[in-house]
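Just so you know, ligand 1 is whichever comes first in the structure, and atom 1 is the first atom listed for that ligand. Below, all heavy atoms of this structure are taken into account, side chains as well, without hydrogens, waters or symmetry copies. Quick caveat: nothing in here was measured; it's all calculated off a predicted structure.
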Amino acid sequence: MELIKVKKGHEGNVAAVLFADEIKALARPVIGLATGSTPVRMYDYLIKRNQSGELDFSKVCSFNLDEYCGLPKVHPQSYYSFMQEHLFKYVNIDQRNVFFPNGNAVSLAEECSQYESMIQEAGGIDIQLLGIGHNGHIGFNEPSDIIAKETHVQVLADSTRTANARFFTSIEEVPTHAITMGIKTILNARKIMLLCCGEGKAEILKQALYGDVTPRVPASLLQLHPQLTVITDQNI
Ligand code: GLP
């Protein structure tokens, strides 16, 4: 693991430089992307680089980690809308190469296995970006006694729904379920970049990086990955 500690507010630039280098090094990059407040500054820098002509997205294929179940795709809080607003609509990515699990599929089980196959057909993910929830979740893999390996439907923890209620008008509006890549899907990425910034994540990050490897702290399973880069402004 490589741990990069940065000053508050600097993680976006540092992450964008490294992420852009990965994209530039590949002929047909397959990237895994994340939502949440954490990657927003990194996306801003990627947009700047794209608009200045330094970084080309035309050959990029992207798979997002997760999507809520039951929210219309165009709902302002769907992860599809989030990614359009924070990255895709400002860069020259081909929208046909932008993938999300469909949280409104008639058969969610079929959708999950199809998403898994699509990632494999694309050749697997070259670099996966991750944030971390206060309870240690990655994507929407919530703390559990078992490891959900592949893309699956996840019941959201109350604490996750409470945390994400800030984006909705009330907690009742926050979906109760989501589709998420599983732990194995995530660990199959050739490289992983975990971004952790903002208030109050030092303790969970410490547990994830140096504690027991356990599905009770899903991010701790990242310790098993040989090419993990962690960028944080937390004092750990
Ligand atoms: C959400 C997402 C995760 C994200 C996490 C942390 O629930 N599903 O992918 O990493 O929350 O979000 P934030 O960066 O806003 O703290």
Side-chain angles (χ1 to χ4, degrees), residues 6 8-12 14-16 19 31-45 62-71 75-83 85-87 99-103 112 115 125 127-144 148 151-168 171 173-183 185-187 189 192-205 207-209 217-222 225 228-234 236:
V6 297
K8 287 213 180 308
H10 288 243
E11 80 299 327
V14 173
F19 211 82
I31 62 176
L33 296 177
T35 52
S37 312
T38 306
V40 168
R41 275 193 291 260
M42 169 182 151
Y43 292 152
D44 289 344
Y45 281 104
S62 99
F63 287 89
N64 257 78
L65 274 170
D66 46 15
E67 180 58 282
Y68 288 117
C69 291
L71 274 195
H75 187 286
Q77 295 311 328
S78 75
Y79 284 170
Y80 170 81
S81 298
F82 176 98
M83 290 306 303
E85 286 308 316
H86 289 286
L87 182 66
F99 300 101
F100 290 80
N102 176 6
C112 291
Y115 200 62
I125 292 171
I127 180 159
Q128 175 68 55
L129 178 69
L130 295 175
I132 181 171
H134 282 97
N135 64 2
H137 74 226
I138 47 175
F140 268 132
N141 290 275
E142 300 283 23
S144 164
T151 300
H152 61 283
V153 176
Q154 174 76 55
V155 178
L156 300 181
D158 290 345
S159 63
T160 298
R161 292 186 65 236
T162 305
N164 291 359
R166 68 192 194 275
F167 301 114
F168 294 81
I171 188 153
E173 277 185 27
V174 184
T176 53
H177 292 70
I179 295 185
T180 180
M181 286 185 198
I183 294 293
T185 325
I186 292 171
L187 291 180
I192 295 181
M193 182 186 284
L194 172 66
L195 267 188
C196 176
C197 61
E199 289 313 307
K201 289 206 177 154
E203 203 39 54
I204 193 66
L205 185 63
Q207 274 186 51
L209 302 184
V217 181
S220 68
L221 292 148
L222 297 173
H225 198 278
L228 170 68
T229 301
V230 181
I231 302 174
T232 186
D233 63 1
Q234 305 291 294
I236 64 160

Original post:
Against heavy atoms of G131, which atoms of ligand 1 measure under 4.0 Å?
Top reply: 10 (O)
Original post:
With distance as the sole criterion, is a donor-acceptor pair present between the side chains of S159 and H134 under 3.5 Å?
Top reply: no
Subject >> Residue, atom name and distance, where the atom is the protein heavy atom closest to atom 6 (C) of ligand 1 >> reply: I132 O, 3.6 Å
**OP:** Indicate the ring-plane relationship of Y79 and F82, choosing parallel, tilted or perpendicular according to the 30° and 60° boundaries.
**Re:** perpendicular
Original post:
Taking I186 as the fixed residue, which of L221, I125, L130 is the one that meets the side-chain contact (heavy atoms from CB on, under 4.5 Å) rule?
Top reply: L130
Subject >> Residue D66 vicinity, atoms of ligand 1 by number, heavy atom under 4.0 Å >> reply: 8 (N), 9 (O)
Original post:
When you look at H75 and Y68, which way does the side chain to side chain contact (heavy atoms under 4.5 Å, CB included) test go after all the steps?
Top reply: CA-CA 10 Å; H75 187 286; Y68 288 117; over 6 Å; no
Original post:
What's the spacing between L194 CG and T232 OG1 if we round to 0.5 Å?
Top reply: 8.0 Å
Original post:
If you look at every heavy atom in I231 and A15, which pair is closest and at what distance?
Top reply: CD1-CA, 3.6 Å
**OP:** Have a look at ligand 1 and work out which part of K201, if any, has a heavy atom under 4.0 Å from it: side chain, backbone, both or neither.
**Re:** side chain
Subject >> For G36, atoms of ligand 1 separated by under 4.0 Å from a heavy atom >> reply: 12 (O), 14 (O), 15 (O)
**OP:** Specify side chain, backbone, both or neither for T180, according to which of its non-hydrogen atoms lie closer than 4.0 Å to ligand 1.
**Re:** neither
Original post:
Which is it for N164 and ligand 1 at heavy atoms under 4.0 Å: side chain, backbone, both or neither?
Top reply: side chain
**OP:** For atom 4 (C) of ligand 1, find the nearest protein heavy atom and state the residue, atom name and distance (0.1 Å precision).
**Re:** T35 O, 3.9 Å
Original post:
Do F19 and Y45 have their ring centres less than 6.0 Å from each other?
Top reply: no
Subject >> Straight-line distance of I127 CD1 to I192 CD1, nearest 0.5 Å >> reply: 9.5 Å
Subject >> From CZ (F99) to CG (N64), nearest 0.5 Å >> reply: 11.5 Å
**OP:** Measure R166 to ligand 1 on non-hydrogen atoms and call it side chain, backbone, both or neither using the 4.0 Å cut-off.
**Re:** side chain
Original post:
Looking only at heavy atoms of H137, does any of them come nearer than 4.0 Å to an atom of ligand 1?
Top reply: yes
Original post:
Looking at F140, which atoms of ligand 1 are within less than 4.0 Å of one of its heavy atoms?
Top reply: 7 (O), 8 (N)
Subject >> Numbering as shown, the atoms of ligand 1 that approach T38 to under 4.0 Å (heavy-atom distance) >> reply: 13 (P), 14 (O), 16 (O)
**OP:** Could you say whether the N/O atoms of G139 and ligand 1 ever approach to under 3.5 Å?
**Re:** yes
Subject >> Which segment of Y79 sits under 4.0 Å of ligand 1 when only heavy atoms are counted >> reply: side chain
